[in-house]
K.L.:
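Below are the structure tokens for one structure; questions will follow.
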Amino acid sequence: MRKQCTLLAAVFFALFSAGQLAAQSPAVVTLVKAGRLVDPRTGNVLSPAAVLIEEGKIKEVGSPSNVQAPPGAKIIDLGNATLLPGLIDSHTHLLVDPIVPAEAERSRRYNGDFVPGLLFAIVESPSKRVLMGAQLAREDLESGITTVRNLGHSGIDGDTELRDAIKAGRVPGPRILASGRKLITRGSYIQSLNPALADAILQQEFLLIDGADRAREAVRLNEFQNVDVIKVTADQNLTVTELAAVVEEAHSEHLKVAVHAVDKTSIQTAIDAGADSIEHGNQVTDEQLKQMRDKGIFFDFTPSFYGDFFTRLTEATVLMSPARRDRWAKLDVSDTQTYNSLVQHVLKSGVKFAAGSDMGWYFPGKTRGQTSVSRFPVLHLAGMPSLDVLRAITTNAAEMLGWQDRIGAIEPGKFADLVAVAGDPIADITELERVRFVMKDGQVVRNDLASH
Ligand SMILES: [Zn+2]
């Protein structure tokens, strides 16, 4: 009895304290003022600009003379900075950061650069892995990414749990649309496993598609984990029937289907099965782009290795012969030219497009956020106008995610997810790599412009 009384007292005290905290919490109305505000959808620039925020949502946008803050509102003056909607990275992997293996290691195994690190991630402690995910999520947010779509490589529930922990305010990070386990055909990813353990290992990370029934079951298993999107890797082994079964099952639960497809055959499978977005799409043809446009399928650019990214990534960490380095440097040049041509073809086709970093690498000396945002301005180097780059990671991405009603633009009713850069991002898109102010849900994440 006495114990119960103590417990009750503790509960009352906790409730009382919570009430006090709420009463003392800062004003829920905030006015953000800045020299300029760019609307990526229209390209219009509002100068000067004011954004009124209430309860984490945007209430009003206009010139400072028209948007009045009620008494007691918190005022954040960002001086001459330029406001943009919070950035959306529509293709990332927050629960992996492998290091490319040294050349000697690489030549002895058959699984490529990514797989040794991936295998390690699977067999390591899931608790350790999700804590790393929390760090990478925070780093993305600090660089201005307020929403990500995490497309696999997260264990069974790493991304859904991280999403929920961020939502509950336990750890800082972007909004996450989580895919749960990636649907693959046998042989798509890790090979040469111990046959006695292979299935058990694979199931920690992937769901195997083997016929239409198993494809539907895979979607349902992910639904049980409460995922936001279904991710499928299409290769030459995946049939249209199997992928169509995935799409039908996912759509019946209002989930979109993002399909990794690189070669022409896989891209055609994704188009014929009615995918919602095609990830990577490197070898897409003009005829396929036309079909995608007619069906409203999004093209999601992932310029992860554009330029000399891979060379720089491996420089500091990977033991490699000068001959191999030389070969890779040459590949950097030819791959970059190929990507430039891809960007031109996609832009000309009129297909809907967005962009993601596809980041899943450890880059020495950089935070994950710095590495992720460095992949957006390279689209401009590849020939995409700055405004289209901004659209690809704001308004367009929001539409691809099906979240155009809540993110991607600075408009009344949307979440107050804002970033600011010091200069003009249209004149110099690399400003995206120097985000000075980040707000998510009306809460300031960072403000390096505070002296104004
Ligand atoms: Zn990916």
Side-chain angles (χ1 to χ4, degrees), residues 87-100 111-119 121-122 129 132-133 136-137 140 145 147-155 158-160 162-163 174 176-185 188-190 202 205-207 209 222 227-235 238 243 246 256-263 266-267 270 275-284 298-306 309-310 313 335 339 342 353-363 368-369 371-376 378-379 392-393 397 400-401:
L87 312 182
I88 303 170
D89 188 347
S90 59
H91 186 134
T92 195
H93 303 285
L94 288 175
L95 284 100
V96 278
D97 72 339
I99 297 174
V100 177
N111 275 328
D113 291 323
F114 176 61
V115 174
L118 173 59
L119 188 57
I122 297 173
R129 189 178 186 184
M132 179 200 71
L136 302 185
D140 261 7
I145 297 170
T147 302
V148 302
R149 191 173 57 155
N150 199 77
L151 293 177
H153 304 295
S154 312
D159 57 354
T160 45
L162 182 57
R163 172 199 65 195
I176 296 181
L177 279 91
S179 76
R181 281 179 283 179
K182 192 186 266 191
L183 277 55
I184 64 169
T185 61
S188 296
Y189 281 86
I190 311 171
L202 283 174
E205 195 79 359
F206 304 106
L207 289 163
I209 301 177
N222 266 340
V227 301
D228 306 289
V229 56
I230 298 294
K231 169 74 181 295
V232 186
T233 289
D235 59 13
L238 185 72
L243 188 53
V246 169
K256 290 183 185 291
V257 180
V259 179
H260 159 121
V262 175
D263 63 89
S266 310
I267 291 169
D276 296 291
S277 67
I278 289 178
E279 310 297 312
H280 320 300
N282 298 54
Q283 291 174 25
V284 73
F298 264 93
F299 187 98
D300 199 18
F301 285 105
T302 55
S304 330
F305 295 136
Y306 188 89
F309 179 84
F310 205 65
L313 169 89
D335 286 355
Y339 211 82
L342 173 70
F353 63 87
S357 66
D358 195 13
M359 200 40 60
W361 298 98
Y362 168 70
F363 198 114
R368 170 56 73 87
T371 314
S372 298
V373 296
S374 79
R375 299 298 83 202
F376 304 140
V378 300
L379 285 167
I393 53 171
M400 182 172 73
L401 271 44

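As the structure lists them, so they are numbered: ligands from 1, and atoms in each ligand from 1.
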K.L.:
Verify whether one side chain among Lys182 and His153 offers a donor that lies under 3.5 Å from an acceptor in the other.
P.N.:
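On atom types as modelled, these side chains qualify, holding a pair under 3.5 Å.
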
K.L.:
At less than 2.8 Å, would any N/O/S atom of His260, backbone or side chain, sit next to the Zn ion (ligand 1)?
P.N.:
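Coordinating: no.
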
K.L.:
Could you pull out the atom name of the N/O/S atom in His93 that is nearest the Zn ion (ligand 1)?
P.N.:
NE2

K.L.:
Please determine if the Zn ion (ligand 1) has an N/O/S atom from Glu279 lying under 2.8 Å away.
P.N.:
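So Glu279 does not count as coordinating the Zn ion (ligand 1).
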
K.L.:
Aromatic rings Phe363 and Phe309: how do their planes relate, parallel, tilted or perpendicular, breaks at 30° and 60°?
P.N.:
tilted

K.L.:
Are Asp140 and Ser372 linked by a side-chain donor-acceptor pair shorter than 3.5 Å?
P.N.:
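Per modelled atom types, Asp140 and Ser372 side chains form a pair under 3.5 Å.
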
K.L.:
Below 6.0 angstrom between ring centroids: does that apply to His93 and Phe114?
P.N.:
no

K.L.:
Indicate the ring-plane relationship of Phe310 and Trp361, choosing parallel, tilted or perpendicular according to the 30° and 60° boundaries.
P.N.:
perpendicular

K.L.:
Can you tell me which N/O/S atom of Asp358 has the shortest distance to the Zn ion (ligand 1)?
P.N.:
OD1

K.L.:
Please confirm if an N, O or S atom belonging to His91, backbone or side chain, lies less than 2.8 Å from the Zn ion (ligand 1).
P.N.:
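It does: His91 brings an N, O or S atom closer than 2.8 Å to the Zn ion (ligand 1).
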
